[in-house]
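Shown next, in structure tokens, is the structure this report addresses.
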Amino acid sequence: MLSKRIIACLDVRDGAVVKGINFEGLRHAGDPAELATRYNREGIDEVVILDITATIEKRKALADTIQAVAREIFLPLCVGGGIRGEEHAEAAIEAGADKVGINTAALSHPALITTLAKRYGSQAVIVAIDAKREDGRFKIYVRSGQQGTDRDAVEWAQEAADRGAGEILLTSIDQDGTKAGFDCELTAAVSSAVPIPVIASGGAGTFDHFVDVFTTGQADAALAASIFHYSEHAVADLKTHLRTSGIPVRIT
Amino acid sequence: MIALIDYGAGNLTSVRKALAHLDAPATTPTAPADLDSADGIVVPGVGNFEATAALGPDWRSAIERHIARQRPLLGICVGMQWLFDGSAEAPGHPGLQMMPGTCTVITDKEATTPAVASGPSDRVGGRLKVPHVGWNTLRVTKPSWLLDGIPEGAHVYFTHSFAAPVTDDCVGATRYGMEFAAAVERGLVGGVQFHPEKSSDVGLTILRNFLRKAL
């Protein structure tokens, strides 16, 4: 049976891993390659490098960081942040990324999804969506969660899938960094609307939050950052908990 | 020397990096004649089967000469599918035809099977999502040099929408909506649908098995 994936996110700024709350208030959490190596040893299924300041400061994702991580681990590696066009995706993939996450650029130039899917295959194109509850629906925010739009997250996820996205990385801005649990309602709404895998993100605080997002939230994968950063063995312990709860996971 | 064939589908970085990690000398041949001195050939691949059309008659005969010399070859993902007659993904483009069978899109053949529907399921929200992305288990179906040392039920990383049928060449099978060939072998020609270069220690063991035959 296909396992539910546990994905570690490395929010990277200036070559170091940082962690914020509600997309703000950053503090240092370590060296990307060292953390990725530790997660690999603990049994993480996938790693995402997110250059969190890239869009704001108009910088592309750091090739050096990608290379350093890709040298150490033999796992799927996704890179997001600052992928504004084909040349940025190419740079990330040449540095060692298997997938690129596009967010702001996908929304403003949806044709980019198709262009990248044709060139690298759909499996290499992840459309990242940052959503916030507003007026009884899930509204999309762009530019690292700083700018609201009129777009609906579920509708956009469907369009992204139609245009060739291979996966959706769905982050709840409301839950991000709170450790209060994933937004299962948001995740289920998107997951049941698209034919491609959905990665839930934002709010992981306890192991049971993962159980919830894989059952109620119908997520295919779950992404977290700080729950893994500050405690050794967290990935292995989480997977043991998930298996005990009847969730299929890869145990190494 | 391992020849890593570049036919323009996706990137070779991951496979090259994994071979380097295993201390295997690798090169990307620029002309078919370069293959005549190769100890082993790797045909990687992500994306569409149609990309294999770039491997024209000259490349095909160089690869066939390599196989006739009893030298090993490993096809990965689309590179494995290419070993078969062809794929429904690109009907006009024949494969290498080393192994009989045609690759088909993954379909939910078990949707109406009550025993499957009642237990834990690959279906999210009642549907099978395609592409098949993530870690799934290998059922070893035959003794195999490629899967030597790989335990039953080992997890490997997949990302694909099309798959090869389970035939006599199958040495490892995986189930996702239907059962398909995850690893195949005929003599020293091997293929894996999953990505050993992305499958952590299990994947590195499989690459090591290939290198042992080649170098």
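These figures come from a predicted structure and were not determined experimentally. Every heavy atom of this structure was used, including side-chain atoms; hydrogens, water molecules and symmetry mates were not. Below, read A as the first sequence line, B as the second, and so on, with proteins coming before strands; counting in each chain starts at 1.
V130(B) has its side chain out of reach of P195(A): every pair of non-hydrogen atoms, C-beta onward, lies at least 4.5 Å apart. Side-chain contact between M1(A) and Y176(B) is absent, with no heavy atoms from C-beta onward closer than 4.5 Å. Considering only heavy atoms from C-beta on, I196(A) stays 4.5 Å or farther from K129(B) through its side chain.
Residue contact with chain B, scored on non-hydrogen atoms closer than 4.5 Å, involves the backbone of I73(A) exclusively. Heavy-atom distances place the backbone of V249(A), and not its side chain, under 4.5 Å from chain B. Only the side chain of K4(A) comes within less than 4.5 Å of a heavy atom of chain B; its backbone N, CA, C and O stay farther away. Both the backbone and the side chain of V133(B) come within contact range of chain A, judged by heavy atoms closer than 4.5 Å. For A70(A), the parts lying near chain B are the backbone and the side chain together; criterion is any non-hydrogen pair under 4.5 Å. With a 4.5 angstrom heavy-atom cutoff, R250(A) touches chain B via backbone and side-chain atoms both.
Per-residue counts of heavy-atom pairs under 4.5 Å with chain B were compared for A124(A), G121(A), S191(A), A117(A); the largest is that of S191(A).
The side chain to side chain contact (heavy atoms under 4.5 Å, CB included) search around P29(B) returns A3(B), D34(B), L35(B), W59(B), not counting sequence neighbours. Contacts of R71(B) classified as side chain to side chain donor-acceptor pair (under 3.5 Å), with partners at least two apart in sequence or in another chain: none.
Side chain of R127(B) to backbone of V194(A): a donor-acceptor contact under 3.5 angstrom is found. At least one donor-acceptor pair closer than 3.5 Å links the side chain of W135(B) to the backbone N or O of D45(A).
Against chain A, the residues from residues 147-172 of chain B that qualify, each with a non-hydrogen atom under 4.5 angstrom away, are H155(B), Y157(B), T159(B) in number order. At a heavy-atom cut-off of under 4.5 Å, chain A is reached by E197(B), K198(B), S199(B), S200(B), L204(B) from residues 188-214 of chain B, listed in order of number.
In K142(B), the NZ atom is crowded: over 12 heavy atoms of neighbouring residues, nucleotides or ligands sit closer than 6.0 Å.
Shortest non-hydrogen contact noted between P131(B) and G166(A) is CG-O, 4.3 Å.
Residues N136(B) and S3(A) bring no donor and acceptor atom of their side chains to less than 3.5 Å of each other.
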